[in-house]
Amino acid sequence: QVHLVESGGGSVQAGGSLKLPCAAFGVSYSTPCMAWFRQAPGKEREGVAHIYMFGGGTGYADSVKGRFGISQDNAKSTVYLQMNNLKPEDSAMYYCAAGPLPCSLAPDGYKFWGQGTQITVSS
């Protein structure tokens, strides 16, 4: 069983930065993909970034390429989402997820989810 706990959410002005940690317990070779998703009110859940925990390969949504970075600290069993140059349209609930291969940005590919952390970007 995989247990995920996000933190680091909050409010920031446009152009600012935030780093979201996701503490991951129980990740194994059966759930080697971890990803960050976001969902704004009235919108579908959107994949933001994914990472392969046993090789480090990553993928990003076009909307965040060049601004967001996903990374891992295996010693701490933590995945991070570094968010730079934040925009008001980045405001959403951000979720961490874990699942089997292949790693992707599709929500259906992930089996385990955290409770989410809210990000609000003001203009």
Side-chain angles (χ1 to χ4, degrees):
Q1 189 73 8
V2 177
H3 184 54
L4 306 171
V5 181
E6 306 98 332
S7 60
S11 297
V12 64
Q13 289 191 327
S17 298
L18 282 174
K19 189 172 185 178
L20 304 182
C22 171
F25 306 96
V27 172
S28 69
Y29 281 102
S30 65
T31 52
C33 299
M34 291 198 65
W36 284 94
F37 291 83
R38 65 186 181 186
Q39 189 166 21
K43 294 189 177 181
E44 292 187 353
R45 190 163 295 191
E46 172 192 21
V48 174
H50 66 75
I51 187 167
Y52 175 58
M53 295 296 284
F54 301 102
T58 59
Y60 296 92
D62 287 344
S63 58
V64 305
K65 278 181 182 176
R67 299 190 298 123
F68 289 14
I70 188 169
S71 61
Q72 62 187 110
D73 183 338
N74 287 343
K76 296 181 180 179
S77 298
T78 301
V79 171
Y80 299 95
L81 184 68
Q82 176 68 49
M83 305 184 293
N84 299 322
N85 190 21
L86 282 160
K87 304 176 181 180
E89 53 264 42
D90 294 318
S91 297
M93 185 72 80
Y94 282 71
Y95 298 90
C96 178
L101 290 169
C103 300
S104 75
L105 295 177
D108 289 349
Y110 292 83
K111 184 176 180 181
F112 300 100
W113 294 83
Q115 82 287 351
T117 187
Q118 178 69 40
I119 302 300
T120 302
V121 184
S122 57
S123 57

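Sequence positions, counted from 1, serve as the residue numbers for this chain.
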J.: Are the side chains of V121 and K87 in contact, using a 4.5 Å heavy-atom criterion?
T.: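 The answer is no; the side chains never approach within 4.5 Å.
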J.: So P102 and S104, do their side chains get closer than 4.5 Å, heavy atoms only?
T.: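 With C-beta onward as the side chain, the pair stays apart.
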J.: One pair to check against side-chain contact (heavy atoms from CB on, under 4.5 Å): L4 and M34. What are the steps and the verdict?
T.: CA-CA 10 Å; L4 306 171; M34 291 198 65; 3.7 Å; yes
J.: Answer whether the closest heavy-atom distance between the side chains of S17 and V12 falls below 4.5 Å.
T.: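 Not in contact.
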J.: Measuring from M93:CE to K43:NZ, what's the distance to the nearest 0.5 Å?
T.: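 Spacing of CE (M93) from NZ (K43) equals 15.5 Å.
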J.: Test side-chain hydrogen bond (donor to acceptor under 3.5 Å, both in side chains) on E46 and S63; report intermediate values, then the result.
T.: CA-CA 10 Å; E46 172 192 21; S63 58; 3.3 Å; yes
J.: Establish, yes or no, whether a centroid distance under 6.0 Å links the rings of F54 and Y29.
T.: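 Yes, close enough.
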J.: Under 3.5 Å, side chain of E6 to main-chain N/O of G116, donor-acceptor pair present?
T.: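 Checking the backbone N and O of G116 against the side chain of E6, a donor-acceptor pair under 3.5 Å is found.
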J.: Using the rule that Ile, Leu, Val, Met, Phe, Trp and Tyr join whenever any side-chain heavy atoms are under 4.5 Å apart, tell me whether L105 and L20 fall into a single cluster.
T.: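 L105 does not cluster with L20.
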J.: Determine the minimum heavy-atom distance between P100 and G109, stating which atoms define it.
T.: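 Taking every non-hydrogen atom into account, CD-O, 3.5 Å.
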J.: How long is the straight-line distance from OG1 of T31 back to NZ of K111, given to the nearest 0.5 Å?
T.: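 With rounding to 0.5 Å, NZ (K111) is 9.0 Å from OG1 (T31).
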J.: Short question: side chain of Y60, backbone of G66 - any donor-acceptor pair under 3.5 Å?
T.: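 Checking the backbone N and O of G66 against the side chain of Y60, no donor-acceptor pair under 3.5 Å is found.
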J.: Can you check whether F112 reaches V27 side chain to side chain, under 4.5 Å on heavy atoms?
T.: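 When only atoms from C-beta onward are counted, V27 and F112 do not touch, as no gap falls below 4.5 Å.
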J.: Measuring from I119:CD1 to L18:CG, what's the distance to the nearest 0.5 Å?
T.: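 Rounded to the nearest 0.5 Å, the CD1-CG separation comes to 5.0 Å.
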J.: Do K19 and Y80 meet the cation-pi criteria used here (NZ or CZ under 6.0 Å from the six-membered ring centre, within 45° of the axis)?
T.: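 Judged by the rule (NZ or CZ under 6.0 Å from the ring centre, within 45° of its axis), K19 counts as positioned above Y80.
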J.: Nearest 0.5 Å please: distance from the CD atom of Q82 over to the CZ atom of R67.
T.: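 One finds 12.0 Å between CD of Q82 and CZ of R67.
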J.: Measuring from atom CE of M53 to atom SG of C103, what distance do you get when rounded to the nearest 0.5 angstrom?
T.: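 So the CE of M53 and the SG of C103 are separated by 10.0 Å.
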J.: Considering non-hydrogen atoms only, spot the tightest contact between D90 and Y94 and give its length.
T.: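 Closest approach of D90 to Y94: O-OH, 2.6 Å.
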J.: For a quick test of reading the model, state the closest non-hydrogen atom pair linking T78 to P21 and the distance between them.
T.: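 T78 and P21 have their closest heavy atoms at CG2-CB, 4.0 Å.
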J.: Rounded to the nearest 0.5 Å, what separation is found between the OG1 atom of T120 and the CG atom of L86?
T.: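 Rounded to the nearest 0.5 Å, the OG1-CG separation comes out at 11.0 Å.
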J.: In terms of relative ring orientation, are F37 and W113 parallel, tilted or perpendicular, with 30° and 60° separating the classes?
T.: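 Taking W113 first and then F37, their aromatic rings sit tilted (interplane angle of 30° to 60°).
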J.: Hey, does Y110 have a side-chain heavy atom less than 4.5 Å from the side chain of C33?
T.: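 Result yes, sub-4.5 Å side-chain heavy-atom pair found.
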